[in-house]
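From a predicted model like this one, the values you see are computed outputs, not experimental measurements. Lettering follows sequence order; numbering is per chain, from 1. Excluded from the calculations below are hydrogen atoms, water molecules and symmetry mates; all remaining heavy atoms, backbone and side chain alike, are included.
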Amino acid sequence: MKKLLILGAGTAGTMMLNKLNNVLDKNEWLITIVDQHEKHYYQPGFLFIPFNIYNCKDVTKPKRDFYPTGTTVINSEIDKIEPKENRVLLKNGQVLGYDYLIIATGAKIKPEETEGLKDKLWYKNIFDFYTIEGACALRDFLKHWEGGKLVINITEMPIKCPVAPLEFAFLSDWFFTEKGIRDKVDIHFVTPLPGAFTKPRASAILGDFLIKKNIRLTTEFNIARVDNDEMKIVSWDETEIPFDLLVTIPTNMGDEAIARSGMGNELNYIPTDPHTLRAKNYENIFVIGDATDLPSSKAGSVAHFQSDILLENFLCVIEGRKPRAKFDGHANCFIESGFGKGILIDFNYDTEPLPGKFPLPGIGPFSLLEETKMNHYGKIMFRWAYWNFLIKGLELPIESNMSMAGKRL
Amino acid sequence: METIDFIGRKLELDADGHLKNFNDWDKEVAQEFAKLEGINELTERHWIVIEYMRKEFKENGDAPSIRKLTKESGVDTKELYALFPKGPAKKAAKIAGLPKPKGCI
Ligand SMILES: Cc1cc2nc3c(=O)[nH]c(=O)nc-3n(C[C@H](O)[C@H](O)[C@H](O)COP(=O)(O)OP(=O)(O)OC[C@H]3O[C@@H](n4cnc5c(N)ncnc54)[C@H](O)[C@@H]3O)c2cc1C
């Protein structure tokens, strides 16, 4: 029997497990998946919790609902990978050998990386919304907040779902308007990037939305520390921004298990071939999702596009052939913009987000880089598609590689 | 393609205004780029960073991130921002004659 081991049963790991389980011969392959948690979170839903649009139940399901029968599932923390030995050590003492390894251990926030962030104001006046705990604590805070200076701050790039902080700003504008206290809230978006977003065209258009919604923008702000007593964030060049409520997107990093294995870069991301998705230094290891060091977005949609490529390449490699399929960095993100509308962007390594229609050229139903009601429904439908199709490894009607059809240059 | 006249030399730049050819670079070119970035004099500390960046790029094909700089160049974050105000990774890359760091999205 050949052994395939998958590390991490989040979006990408679960998806790969289901896809491979459908095609690998059960008489030849033993598939094992390891994760430390029993709950699967729909992370894109965390954005909506602070505004009471979703509750915890809407974003949580047991992981076991998504494991195909016949898979060996191990519930334990991974201690470290020993790639030269082809084995993985678990915290529960087990040692797992493998012929092929797929790493899908994702990324998570590390507020400890910034001085004063996880200090006495943490979950009192400072919140994240990248974890279920943070999102729920922020919801409870917002219930009774009467207004003041709201600062939304990205600590450093890269982060998961790079548009989520903007969505948070747009939804705040809507939320406080509905509550009737918009005039009492100063929304300030503070980013280390030179604009509202990374790519020039999208950055300009999204920047205009900020202005339209009366959201202040400070760019090229690199936070050094939080002053808890005076309630302000301070940059490396000593610029200060005061807050009453700080919504932070802390540094995102790969799991410590990757660091313990000596396989990561300075952010614990694993050097990965950007096209084949094979680990740069190991022939029998593939990496997918947020755990890679690729310059593509860290998003569920990206993991989904990668999964088709990885499947094809995996099947090549186990037959002793060279991996052929090439990932192009395709990302597709619905940006919730408030008041029941949304914006959609579609891009890859080489092509920045462009206006047009998606997925059917000229028809849509979605509009790229425009604010429409239909795009908002797309975002809402994404949760349904996530639970029912995406992580079960079923096909969605979107190509893995980006298409220029329907886009305007 | 943009070219620029520097101290009597014609240099090719990429779309971001960074030096196109790694080998066109020398210390004089660095001084000129530094001036464009508002840094009038390159001190010994600047050179430590610049030389580390070039070495990194040669070995890995990418300009290092600010985190990597802090960890490995021997110059801490605070000083990096003092030496190369606003965006040390980006500015130092430009002065070192490297393309803009891939920057993530
Ligand atoms: C607020 C927010 C909004 C988002 N919005 C969107 C969106 O609109 N659209 C979109 O496409 N994407 C969005 N994303 C991003 C998306 O959720 C992630 O990109 C996606 O979940 C990545 O999948 P993954 O499998 O790589 O990582 P994950 O789903 O995070 O899974 C990693 C798994 O590995 C396990 N693991 C890690 N280390 C260990 C260890 N040492 N031992 C045992 N188990 C371990 C973890 O327990 C986890 O289950 C959003 C994310 C956030 C936080």
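Residue Glu113(A) touches chain B through its side chain alone, counting heavy-atom pairs closer than 4.5 Å. At a 4.5 Å heavy-atom cutoff, the contact between Lys68(B) and chain A is made by backbone and side-chain atoms alike. Looking at Pro271(A), neither its backbone nor its side chain comes within 4.5 Å of chain B, counting heavy atoms on both sides.
Among Asn222(A), Thr251(A), Val163(A), the residue with the largest count of heavy-atom pairs under 4.5 Å with chain B is Asn222(A).
With rounding to the nearest 0.5 Å, the separation of CE in Met157(A) from CD1 in Ile66(B) is 15.0 Å. The NZ atom of Lys86(B) sits 15.0 Å away from the CH2 atom of Trp236(A) when rounded to the nearest 0.5 Å.
By the 6.0 Å contact criterion, CD on Glu59(B) is enclosed, its count of non-hydrogen atoms from other residues, nucleotides or ligands being greater than 12. Sparse packing is recorded around CD of Glu115(A), with 12 or fewer heavy atoms of other residues, nucleotides or ligands lying under 6.0 Å away. Around CD of Glu72(B), the count of heavy atoms belonging to other residues, nucleotides or ligands within 6.0 Å exceeds 12.
Looking at heavy atoms from C-beta onward, Glu156(A) lies in side-chain contact with Arg67(B) at the 4.5 angstrom threshold.
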